[in-house]
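What follows is one structure encoded as structure tokens, with my remarks underneath.
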Amino acid sequence: MAQVEIKIVLQTKEGKKNIDFFTYVEGVFFSDDDVIDKIGNIIEKKVLENGIIAESGYATAIHENEELFTMSFMKTTIEEVANWSKMEQMKNQTIH
């Protein structure tokens with residue numbers, strides 16, 4: 001893979017912040033997950049380099065004007081995630 005454009009939009013306590021940059025992604029990739037992990041690490045490093053503490057946000061990776069993926073993230077605690085992921089028994093289920 002060659003040059004990848006990264007567009008990051010972050011919501012902070014101070015307001016919205018944008019980080020847009022180009023990076024070169026190289027390596028041996030056996031799956032799409034390998035590419036996502038590699039680019040995800042680059043995104044995380046760039047946010048940390050800029051000293052931004054994000055409450056939430058998303059990042060889009062673009063290669064040759066085609067979107068590779070968009071990842072979103074949110075500052076949260078394990079307890080909050082547990083509350084979101086609780087499954088209630090569904091009412092009025094249709095069984096096929």
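Index from 1, following the sequence. Both backbone and side-chain heavy atoms feed into the values below; hydrogens, waters and symmetry mates do not.
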(request) Take Glu55 and Thr12, measure what side-chain contact (heavy atoms from CB on, under 4.5 Å) needs, and give me the verdict at the end. (result) CA-CA 5 Å; Glu55 299 296 315; Thr12 68; 5.5 Å; no
(message) I want to check something: taking the side chain as every heavy atom from C-beta on, are Lys16 and Leu10 in contact at a cut-off of under 4.5 Å?
(response) no
(message) If the condition is side-chain hydrogen bond (donor to acceptor under 3.5 Å, both in side chains), which residues does Ser56 pass it with, not counting sequence neighbours?
(response) none
(message) Please determine whether residues Ile6 and Ile19 belong to a single hydrophobic cluster, defined as Ile, Leu, Val, Met, Phe, Trp and Tyr linked transitively by side-chain heavy-atom distances below 4.5 Å.
(response) yes
(message) For the OG1 atom of Thr23 and the CD atom of Glu5, what is their distance to the nearest 0.5 Å?
(response) 11.5 Å
(request) Give the minimum heavy-atom separation between Phe30 and Asp34, together with the two atoms involved. (result) N-OD2, 2.8 Å
(message) Starting from Ile62, can I reach Ile36 by hopping between I/L/V/M/F/W/Y residues whose side chains sit under 4.5 Å apart?
(response) no
(message) Under 4.5 Å between side-chain heavy atoms, counting indirect links through other Ile/Leu/Val/Met/Phe/Trp/Tyr residues: same cluster for Val25 and Phe21 or not?
(response) yes
(request) Give a yes or no on this: more than 12 heavy atoms of other residues, nucleotides or ligands lie within 6.0 Å of atom CZ of Phe69. (result) yes
(message) Tell me whether His63 contacts the main-chain N or O of Gln3 through its side chain, where contact means a donor paired with an acceptor under 3.5 Å.
(response) yes
(request) Report the distance from atom OH of Tyr58 to atom CD of Gln11, rounding to the nearest 0.5 Å. (result) 10.5 Å
(request) Report yes or no: do Phe29 and Met71 belong to one cluster of Ile/Leu/Val/Met/Phe/Trp/Tyr joined by side chain heavy-atom distances under 4.5 Å? (result) yes
For residues 37-50, which side-chain N or O atoms pair as donor and acceptor with protein atoms under 3.5 Å away, sequence neighbours left out?
from: Asn41; atom 1: ND2; to: Asp37; atom 2: O; distance (Å): 3.3
from: Asn50; atom 1: ND2; to: Lys46; atom 2: O; distance (Å): 2.7

(request) Tell me, with the steps shown, if Ile8 and Asp20 meet side-chain contact (heavy atoms from CB on, under 4.5 Å). (result) CA-CA 6 Å; Ile8 306 172; Asp20 298 335; 5.7 Å; no
